[in-house]
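Shown next, in structure tokens, is the structure this report addresses.
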Amino acid sequence: MKRQVVTCAALVAAAMFSGPASAVVSAAEAGKLGKELTEVGAERAGNKDGTIPAYVGKASFSPEMLKITRAQLEDLRVRLVKDIQAMISDAGVVGDILNQGQAIMDAEPAKADKVIAITQQMLTADPQLKAEFDKVLKTRGGKSVDGLIASVKSRQVKLPALKDDIIAVIQSMKGKQDWMSRLVKAFDIARVLEILAIVDDPKTRVQANELLIKYTPSYVKGFLQYNVPGKPADPLASMRPLYVITKANLAQYDKVLTDGHKAMFKTYPDYKMIVFPSYRNAFFPDEILKATVANATRATLVGTDDVQKAELGFPFPIPKSGAEPIWNHKLKFRGSAVKRYNNQAIVKPDGSYKISKLVEDVKLKYANLKEPAEMRKGGLFAYYLQEVLEPPRVAGQIILVHETAGGEGNSRLAWIYSPGLGRVNRAPDVGFDNPSIGSDGEQFNDQIDVFNGSLERFDWKLIGKREMLIPYNSWMLNSPTFKYKDIIRPGHINQDLARYEMHRVWVVEATLKQGQRHRFGKRRFYLDEDSWAIAAVDCYDNRGQLWKVQEAHLLSIPFIPTVSGIPETIYDLQSKRYFVTTMTNEDAISDFEVKYDDAMFTPAALQRKAKSK
């Protein structure tokens, strides 16, 4: 009798502390995976109005893009700026562009007048830059920017006749500091895209494509073009915007915007979203896809944090509860290991900022193709080692984290080395709403990677799917052509460089449990259906007021392959500051080919690393 009572008590306690297990997916539901659903659970078909295309995945990319190495990427990073600078000052390139421009002017005078007006706006956007142009032109027969524009507008001068003047101006700029950044700011991307939209028709499209193919460095073309089955190759298709959302036309897009995006328009009058054609090019290794299909009928989630019987792939391709999509994000394939060079900035309301530099060594234990492991209670699924390089006041600080699942409380184990103390200590507060290092409180620890850590303090509700505009295919924002001063602006990043597309997203709402503590009372997550990557989060304070807006500018990375947010932003609507992290434009390419031994991620190894400093 006594034994029965003890057993009964143990079962009651287990039920109380572990929580209910998630519902099991039926064999019939799982049978849709790899058919009408992709292997990771996304709807394979596009939507009715065509704004979301059918899934393409791996076939979107050329064979060269699938095989590109880190060494090639690093070479590209170094060469690209130099090659672009050389290209835009090349007489042949300038001549071809002017000849094509004149052909459009001759064929369609009305369009030409619109383009001239926009060009004039760009040339007068920076008075100091215009004055420098005028200074050069004055030495060439007393010419000026306004005079040249007037002569072109009146048709007294044809564009090809301006070639030598334009080259002279560019050559004079090349010797000056930050000349590319100044040109980028004056000739902003939005206006260039507006010009492309004006002159876009079947004939000029062919001409523009030929020009792009002729002069774009061969190693860049793969980043500009996505293959679409049944459609002819069009290098400019992915770069041609569909429309721009501003405060003036915001109401007509209300249903496809997050509350966070709506708040950004309300808070910042100059905020915009440039919307491009959608490309569903996310994909993962075949081993991950096969394991994901198997996980559909075997993996379960007990409570919010105990993932059981999942192996290698996404654990919950057909989610039944709010916590399951979040675990798909946490356990998605990212490669087996990476050394990441992470540059981040706290941006004040006036746009001033300081860069912090981190080096992050990560080894994934789950979704590791080289060392596959089953997820179990208390099991370790990631190692994380972070060293701060800048700013000087926190340089040398090192944090080691062991990320586990299914434990009670904050399930991660963490250690920290502080140069001021000169020793390694356990770090009990590396989780939840404790501020992350170097963020000045604008990023909580559980906002790293958009969301990480234990889910236990919140109740999680699966709202369902919606068609939403989210940041996607953000190659331009990550181009080494653009420096941080080109990206960071007062109030928000340079939205001319941000790319938005229409995608289906899973919407999950997390509400703080009664009796639990967190500075967020509610969060609403938006997860890309093709990758389970979190693209955006609306974060509310404990008064119910929208406080912070998170974005992850998603990028499908075919040579790993995975989808990642680069960069990530956190906008504080109360302080008007924002935090931008995972920037890489001015640093080395992350090393996704690196290999790590588990022994590198022990407290003893951290102690040895600290002593070597």
Side-chain angles (χ1 to χ4, degrees), residues 34 38-40 42 44 53-80 83 212-213 216-239 276-293 312-314 332-340 362 364 367-370 372 472-480 499 501 503 528-533 553-566 582 584 588-595:
T38 67
E39 286 84 352
V40 304
R44 190 176 293 276
Y55 177 75
V56 177
K58 185 177 182 179
S60 301
F61 298 96
S62 67
E64 292 76 18
M65 286 294 289
L66 300 177
K67 297 183 293 184
I68 198 166
T69 65
R70 180 180 181 269
Q72 290 172 320
L73 287 170
E74 186 62 29
D75 179 58
L76 181 156
R77 183 182 72 83
V78 173
R79 290 169 53 195
L80 181 59
D83 287 352
L212 186 71
I213 291 170
T216 299
S218 59
Y219 54 83
V220 174
K221 292 174 184 176
F223 294 92
L224 302 179
Q225 181 176 334
Y226 301 119
N227 302 319
V228 180
K231 291 187 177 182
D234 182 356
L236 282 180
S238 67
M239 301 168 63
F276 291 80
S278 300
Y279 291 90
R280 296 178 61 191
N281 50 20
F283 74 100
F284 298 90
D286 291 340
E287 300 95 321
I288 298 296
L289 301 183
K290 183 178 179 180
T292 298
V293 173
L312 195 64
F314 293 98
K332 70 185 171 86
F333 177 79
R334 306 159 192 264
S336 297
V338 65
K339 176 183 284 288
R340 184 168 73 171
V362 183
L364 290 308
N368 187 318
L369 298 181
K370 300 180 177 66
Y472 220 102
N473 288 312
S474 303
W475 287 110
M476 186 182 297
L477 190 55
N478 285 279
S479 170
R499 177 190 179 101
E501 300 180 1
H503 287 263
D528 169 39
E529 72 163 340
D530 290 322
S531 66
W532 295 106
H553 291 264
L554 300 185
L555 196 59
S556 183
I557 308 173
F559 36 83
I560 293 181
T562 190
V563 173
S564 188
I566 317 172
T582 70
T584 60
I589 298 292
S590 294
D591 188 352
F592 49 86
E593 299 170 355
V594 70
K595 297 178 181 179

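The first residue of the sequence shown is numbered 1, and numbering continues consecutively from there. Quick caveat: nothing in here was measured; it's all calculated off a predicted structure.
Taking 4.5 Å as the limit, some side-chain heavy atom of Pro285 sits within range of a side-chain heavy atom of Leu369. Using a 4.5 Å cut-off on side-chain heavy atoms (C-beta onward), Leu289 and Val40 make contact. At least one side-chain heavy atom of Asn473 sits less than 4.5 Å from a side-chain heavy atom of Tyr226.
A pairwise comparison of heavy atoms in Leu66 and Lys58 identifies CD1-CE, 3.8 Å as the closest pair. When every heavy atom of Ser564 is checked against every heavy atom of Ile557, the shortest pair comes out as CB-CD1, 4.1 Å. When all heavy atoms of Tyr55 and Ala282 are compared, the closest pair comes out as OH-O, 2.5 Å. In this structure, Ser60 and Asn281 approach most closely via the heavy-atom pair OG-CB, 3.3 Å. Considering all non-hydrogen atoms of both residues, Arg280 and Ala54 come closest at NH1-C, 3.8 Å. Pairing each heavy atom of Glu501 with each of Tyr279, the nearest pair is OE1-N, 3.0 Å.
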Chi angles and distances behind the side chain to side chain contact (heavy atoms under 4.5 Å, CB included) call for Lys332, Thr562: CA-CA 8 Å; Lys332 70 185 171 86; Thr562 190; 4.1 Å; yes
Stepwise side chain to side chain contact (heavy atoms under 4.5 Å, CB included) test for Glu39 and Arg44: CA-CA 9 Å; Glu39 286 84 352; Arg44 190 176 293 276; 4.0 Å; yes
Would you please test Thr582 and Arg340 for side chain to side chain contact (heavy atoms under 4.5 Å, CB included) and show each step? CA-CA 9 Å; Thr582 70; Arg340 184 168 73 171; 3.4 Å; yes
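A parallel orientation is assigned to the rings of His503 and Tyr472, their planes being inclined by less than 30° (bins at 30° and 60°). Between Phe333 and Phe284, the two ring planes are perpendicular [angle over 60°; tilted spans 30° to 60°].
How far CD1 of Ile288 is from CG of Asn368: 9.0 Å, rounded to the nearest 0.5 Å. Here the CE-OG distance, from Met476 to Ser238, works out to 8.5 Å after rounding to the nearest 0.5 Å. Atom-to-atom distance recorded for Ser479:OG and Arg77:CZ is 11.5 Å, nearest 0.5 angstrom. Here Gln72 contributes atom CD and Ile589 contributes atom CD1; the two are 12.0 Å apart, rounded to the nearest 0.5 Å. One finds the OG atom of Ser590 at 7.0 Å from the CD1 atom of Ile566 (value rounded to the nearest 0.5 Å). Between the OG atom in Ser531 and the CG atom in Leu555 there is a gap of 11.0 Å [rounded to 0.5 Å].
Ionic pairing of Lys290 and Glu287 is not present here: no N-O contact between side-chain nitrogen and carboxylate oxygen is shorter than 4.0 angstrom.
Note: Phe559 and Phe61 fail the aromatic proximity criterion, with ring centroids not under 6.0 Å apart.
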